[in-house]
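Each residue takes its place number in the sequence, starting with 1.
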Amino acid sequence: MTSDRSICDLTAMGLARAIARGEVSSCEAVEAHLARIASLDSRLAAFVTVDADGARHAAQICDAASAPIGPLHGVPIAIKDLTDTAGLATTYGSVLFRDHVPAEDDLVVALLRRAGAIILGKTNTPEFGFGAVCTNRLCGPTRNPFDPALTSGGSSGGSAVAVAAGMVPLAHGTDFGGSVRTPASFCDVASIRPTPGRIASPRRPLGWDMLATHGFLARGVEDLELVLSVGAGGDANDPVSAGVADDQRPLAGRPRIAVTPDFGVAPVARDVRARFAAACEALGGVADLVSSSPDCGGAIESFRTLRAAHIANAYGELLRMRRDELMPTVIWNIEAGAKLSAEDYLNAERRSTAIYRSFRELFSRADFLVAPAASVLPWPNEIADVTAIDGAALETPIDYLAVTFIVSLVGFPVLTLPARRGENELPFGIQIIAPPGCESRLFAFGRIIENELGFSHRRPKLP
């Protein structure tokens, strides 16, 4: 490697290969990325915590090893600050946990370390992951590297910015209603929200919960496939993980793609619809397209109910005991679930089941379903919530996420890729959706789109 900048421009796979060939050391890789963080993060606020000493120590261990520790040997990575890291502050984006240092790694973090990944730090998130803008009382707002006046998206915005700006080649995220996919779309990077259970969460309090998943962000499909291979696997204490198997069947012939701008129910901005139409026109060069959507009637109301119930159950006690220390967005989210009944919850589950079966029926006729990865383009950080789209008021502050949370509702895996754009256009991405367990097929099709259509990351103009 000739410069820090060239090291930081490498993909995770490229860097792992360079380290394995002895062209660059793990220590050099860490120092280059730490220098990049030092240069840019005061302006972008992607990181809550940077663990320079810990990263340097881990790099020394990698360089002293007689053989690669694993497939991510010496590769710097960032972890979203909602996920526990042993010995490294994990704040969950809240002043309530400013000094919280977990004793144990979350399983996904432990697997990344075992694969040789070097954790540089923890990336910013709204408090407890709830918020359209990636900010809290500890850090932020996390600024979009393509225009620092604009939002990076919530809630994995810190991870998306860290990857887009070359501060790390890979980052971990979490996704409940679109928290990996929206920042990926806003920051021109790729992401994977895998099938729930693909990455086990054995300490999750609600073991059968399939709304939230771990995920990853990178600058290309190859890196996402690599990191998911490291993080994937079952665990006896995660009942959802037991039934997830990877469908390794290759793509046969020209793929059949169903395309929908809105699932028939999601509010989507006119400029996003135009960008999506252009993306679909390009996709027609590599696949057979048909305009089609599952029946998603009632999906928005169902997700609102299930999400509110989960949040009230998880954080209701905090609201009662420490309300004054919580962000307004968190308070709204908790209160939204306070008056729900068991009947409300079960009716939402019933409707979600019907929507799941409609998705399944569609995939009897199509290989993939493609939709926008965000309903709007990035907006100014000063605007805390999306309350209207094209002048039409939204019923709740989360409804702008419908185009992503509908997929969360049914638990299908999603790959997002940046769509082609003009020189002066803001980033915009597409969701490529497949049946549960079909991540390998998603990656195979994603590589085709990257290579043949140029749906790939474009580096922001940064100093």
Side-chain angles (χ1 to χ4, degrees), residues 175 178 180-181 184-185 190-198 210 213 215-216 218 220-222 224-225 228-229 232 243-264 266 275-296 299 354-373 403-404 406-420 428-456:
D175 190 306
V180 161
R181 291 163 284 164
S185 181
S191 76
I192 183 69
R193 175 194 156 102
T195 307
R198 170 71 69 203
M210 297 178 67
T213 69
F216 297 103
V221 173
E222 183 181 55
L224 292 176
E225 187 166 23
L228 184 61
S229 72
V244 179
D246 191 10
D247 185 343
Q248 298 281 349
R249 289 177 299 162
L251 291 174
R254 190 174 167 90
R256 298 163 298 162
I257 299 180
V259 298
T260 177
D262 56 13
F263 297 100
R275 296 283 295 275
F276 183 67
C280 289
E281 184 177 358
L283 286 169
V286 296
D288 295 327
L289 273 59
V290 58
S291 295
S292 184
S293 171
D295 179 0
C296 294
I355 296 167
Y356 172 89
R357 290 171 180 158
S358 184
F359 266 73
R360 279 292 192 184
E361 191 281 328
L362 182 142
F363 279 104
S364 69
R365 299 178 279 111
D367 297 301
F368 303 103
L369 172 62
V370 175
V403 76
T404 51
I406 286 170
V407 188
S408 302
L409 193 67
V410 296
F412 282 48
V414 191
L415 172 71
T416 71
L417 289 177
R420 286 192 316 215
F428 164 73
I430 60 169
Q431 297 183 92
I432 309 163
I433 305 154
C438 290
E439 284 85 351
S440 291
R441 293 167 66 81
L442 276 177
F443 292 138
F445 186 51
R447 285 193 294 272
I448 292 172
I449 296 173
E450 275 186 331
N451 296 332
E452 297 189 23
L453 301 183
F455 281 36
S456 56

Shortest non-hydrogen contact between Thr404 and Gly178, atoms and distance: OG1-CA, 3.6 Å
Phe359 and Cys296, any side-chain heavy atoms less than 4.5 Å apart: yes
Ion pair check, Arg198 and Glu439, cut-off under 4.0 Å: yes
Contacts of Ser440 that satisfy side-chain hydrogen bond (donor to acceptor under 3.5 Å, both in side chains) - sequence neighbours left out: Asp246
Spatial distance of atom CG (Leu417) from atom CZ (Phe445) [nearest 0.5 Å]: 9.5 Å
Solution key, residues 278-293 side-chain donor-acceptor pairs under 3.5 Å, sequence neighbours excluded:
residue: Asp288; atom: OD1; partner: Arg254; partner atom: NE; Å: 2.7

Leu409 side chain reached by Ile355 side chain, heavy atoms, under 4.5 Å: yes
Beyond-backbone contact of Ile433 with Phe368, side-chain heavy atoms, under 4.5 angstrom: no
Check: Arg420 side chain, Leu453 main-chain N or O, donor-acceptor pair, under 3.5 Å: yes
Check: Pro294 main-chain N/O paired with Ser358 side-chain donor or acceptor under 3.5 Å: no
Val403 to Ala266 - nearest heavy-atom pair and separation: N-CB, 3.8 Å
Stepwise side-chain contact (heavy atoms from CB on, under 4.5 Å) test for Thr260 and Leu369: CA-CA 8 Å; Thr260 177; Leu369 172 62; 3.9 Å; yes
Close side-chain approach of Pro418 and Phe455, heavy atoms under 4.5 Å: no
Ser191 and Phe216, any side-chain heavy atoms less than 4.5 Å apart: no
Sub-4.5 Å side-chain heavy-atom contact between Arg249 and Arg441: yes
Atom of Cys438, atom of Asp247 and distance for their closest heavy-atom approach: SG-OD2, 3.7 Å
N/O donor-acceptor pair under 3.5 Å between Gln431 side chain and Pro372 backbone: yes
Check: Ile257 and Asp367 side chains under 4.5 Å, non-hydrogen atoms: no
Side chain to side chain, Ile449 and Ile432, heavy atoms closer than 4.5 Å: yes
Where Leu415 and Leu442 come nearest, the two heavy atoms and their spacing: CD2-O, 3.5 Å
Residue pair Val407, Arg181: steps toward the side-chain contact (heavy atoms from CB on, under 4.5 Å) verdict: CA-CA 11 Å; Val407 188; Arg181 291 163 284 164; 3.7 Å; yes
Contact summary for Gly437 and Thr195, nearest pair of heavy atoms: N-OG1, 2.9 Å
Glu450 side, atom CD; Glu222 side, atom CD - distance, nearest 0.5 Å: 8.5 Å
Ring geometry between Phe412 and Tyr356 (parallel below 30°, tilted from 30 to 60°, perpendicular above 60°): perpendicular
Expected output: side-chain Asp175 to main-chain Arg193 donor-acceptor under 3.5 Å: no
Heavy atoms from other residues, nucleotides or ligands near CZ of Arg357 exceed 12 (cutoff 6.0 Å): no
Heavy-atom closest pair, residues Pro196 and Gly411: CD-O, 3.2 Å
